[in-house]
Amino acid sequence: MRFDEAYSGKVFIMSNPSYEESKAVIYGMPMDWTVSFRPGSRFGPARIREASLGLEEYSPYMDKHLEEVNYFDAGDIPLPFGNAARSLDMVEEYVDKLLADGKFPLGLGGEHLLSWPIFKAMYRKYPDMAIIHMDAHADLREQYEGEPLSHSTPIRKACGLIGPENVYSFGIRSGMREEFQYAKESGMHMSKFEVARPLKEILPSLAGRNVYVTIDIDVLDPAHAPGTGTAEAGGITSKELLEAIGAIAKSDVNVIGADLVEVAPAYDPTEQTQIAASKFIREMLLGWVK
Ligand SMILES: [Mn+2]
């Protein structure tokens with residue numbers, strides 16, 4: 001006999017073993033090839049799954065139990081080390097398949113550039129989509145040291161793809177002057193420093209819209225999430241991020257998919273970063289998969 005994999009720490013807690021029956025699919029993207037500072041987020045997905053073992057399956061925030069959501073954990077996409085372009089193609093192809101099968105894609109990073117191929121796949125299916133982005137960094141660079149495939153560029157690429165007026169960034173507290181200028185002039189929305197309050201103000205205007213949500217764990221203060229490559233002082237609490245996830249769940253937006261990126265476990269011997277991340281994933285499953 002084999003013991004229950006749903007409680008093994010190898011898959012996210014309480015995952016359904018059947019892909020076919022699942023509504024949502026958790027998939028890992030173990031890539032950190034383009035990061036500008038400290039690598040290590042390739043180990044994020046595995047550590048988040050492991051940390052999920054410590055979670056309660058019931059959420060008092062959502063008043064829901066994980067058994068009420070049918071999700072499958074696909075494991076990690078076997079991305080080729082060092083080859084960013086081919087890794088991104090593989091992610092795009094994989095998310096295309098999830099969408100063709102009617103699944104809600106829930107991605108675990110890995111670095112933030114991985115959201116770019118996901119945006120492209122989502123946009124093919126949902127040409128009216130908007131993006132909600134929570135992050136310490138604007139990620140609005142066109143390139144980093146001449147390299148357009150960098151984890152500092154995905155939101156700029158998103159603006160080019162779906163139109164800056166459909167991109168909503170929150171919690172931003174770091175970037176080049178040009179990135180903040182672009183945010184001001186392009187017509188995108190950018191809330192600096194805060195997340196929950198401005199998000200709650202914006203959500204009514206997104207009612208009925210298809211919205212993809214990308215969360216960079218470094219939106220949190222390093223006190224709450226030190227395990228990340230480009231930690232940035234002055235961030236929000238994990239309580240505020242939970243509040244933001246809850247506000248989206250209670251709103252009238254239609255969440256079409258999400259990712260949580262940039263967890264780099266090696267910088268956090270207390271493991272609190274992945275423990276917090278696993279809780280955010282639980283809340284996203286309970287609140288956003290309808
Ligand atoms: Mn980012």
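Order of listing sets the numbers, starting from 1, for every ligand and every atom in it. Index from 1, following the sequence.
Among the atoms of His112, an N, O or S atom falls under 2.8 Å from the Mn ion (ligand 1). Among the atoms of Asp139, an N, O or S atom falls under 2.8 Å of the Mn ion (ligand 1). Contact annotation: Glu262 places no N, O or S atom under 2.8 Å from the Mn ion (ligand 1).
Asp96 pairs with exactly one of Lys103, Arg124, Lys125, Lys120 by the salt bridge (charged side-chain N to carboxylate O under 4.0 Å, His left out) rule, that one being Arg124.
Counting all heavy atoms, side chain and backbone alike, Asp139 lies closest to His112 at OD2-ND1, 2.9 Å.
Taking the Mn ion (ligand 1) as the corner point, the angle from Asp216 atom OD2 to Asp135 atom OD2 is about 100° (rounded to 10 degrees).
For an aromatic pair to be called close, the ring centres must be under 6.0 Å apart, and Phe170 with His189 satisfies this.
The closest side-chain donor-acceptor pair between Ser174 and Glu232 falls under 3.5 angstrom.
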